[in-house]
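Heads up: the structure comes next, in structure tokens.
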Amino acid sequence: SQQGEEDPQALSIQEGENATMNCSYKTSINNLQWYRQNSGRGLVHLILIRSNEREKHSGRLRVTLDTSKKSSSLLITASRAADTASYFCASNTNAGKSTFGDGTTLTVKP
Amino acid sequence: GAVVSQHPSWVICKSGTSVKIECRSLDFQATTMFWYRQFPKQSLMLMATSNEGSKATYEQGVEKDKFLINHASLTLSTLTVTSAHPEDSSFYICSARDLTGLAGAGELFFGEGSRLTVL
């Protein structure tokens, strides 16, 4: 399958809570990126983590990467209603090919 | 950050007609662009890799005669859906990789997508 896996498929939380999404991939990677997609729109890049990095922060986002387990997680802290969207991970090989996870649909209730 | 522009945003056409979608990198050169297809509530599926000045590389199961890709310049790739049918209705998204370091490490930038509806 071309696709990686993400869990959970859907996540519903209250505003102010933290949201954690996980992503697994199958091949060796050069880097992994997380994207956000609002319904019917294109993808917006959130954060990139290289294969030699284990953790990265950007504002309320925290990404971890475990290459031994071929997995990554995205943590959104102090969530807001505006964070409601679908979130995808994309694992990128040295050849430049990206494989997307199935995505997690996050709903943040005000 | 770098911008990738996609046009049109949405298009409705009759069955049997051909539709062209453009993907432009606005502030960086992209020797390689990628075309994805996304069905409702699903992830992105890579259709093909568009290479400037050469033939596109298609993923398994994607009909190259159906989805024509032309990457004539370093900033423009086009996807033409030929003889479109209702089953071709989908959200098509392009992306381009910035290898010049504008955002570092070959970050992939996406267009806003083009929603095709074939009647």
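Atom set for the values below is all heavy atoms of this structure, side chains included, hydrogens, waters and symmetry mates excluded. A, B, ... follow the sequence lines: proteins, then strands. Residue 1 opens every chain.
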### Query
Do A:F100 and B:F110 have their ring centres less than 6.0 Å from each other?
yes

#### Entry: hydrophobic_cluster_shared for B:L68 and B:V81, side chain cutoff 4.5 Å
no

### Joint cluster assignment, B:I21 & B:M47, ILVMFWY side-chain distance < 4.5 Å
yes

### Message
Side-chain heavy atoms nearer than 4.5 Å, only ILVMFWY residues, links allowed to pass through others: does that put B:L76 and B:L79 together?
### Response
no

### Message
With side-chain contact (heavy atoms from CB on, under 4.5 Å) as the criterion, how do A:Q37 and B:F91 come out once you've worked through the C-alpha distance, each side chain's angles and the decisive distance to 0.1 Å?
### Response
CA-CA 13 Å; A:Q37 183 182 36; B:F91 194 53; 3.8 Å; yes

### Query
Any link between A:L32 and A:I76 through a network of hydrophobic side chains (Ile, Leu, Val, Met, Phe, Trp, Tyr) touching at under 4.5 Å?
yes

### Message
Taking NE2 in A:H57 as the centre, count heavy atoms belonging to other residues, nucleotides or ligands within less than 6.0 Å. Is the count above 12?
### Response
yes

### Query
If only atom types and distance count, is the side chain of B:S43 paired as donor or acceptor with the main-chain N or O of A:G101 below 3.5 Å?
yes

#### Entry: Engaged part of B:Q6 at the chain A interface, taking heavy atoms whose separation is under 4.5 Å
neither

### Message
Quick check: closest heavy atoms across A:F88 and B:Q42, and the distance to 0.1 Å?
### Response
CZ-O, 4.0 Å

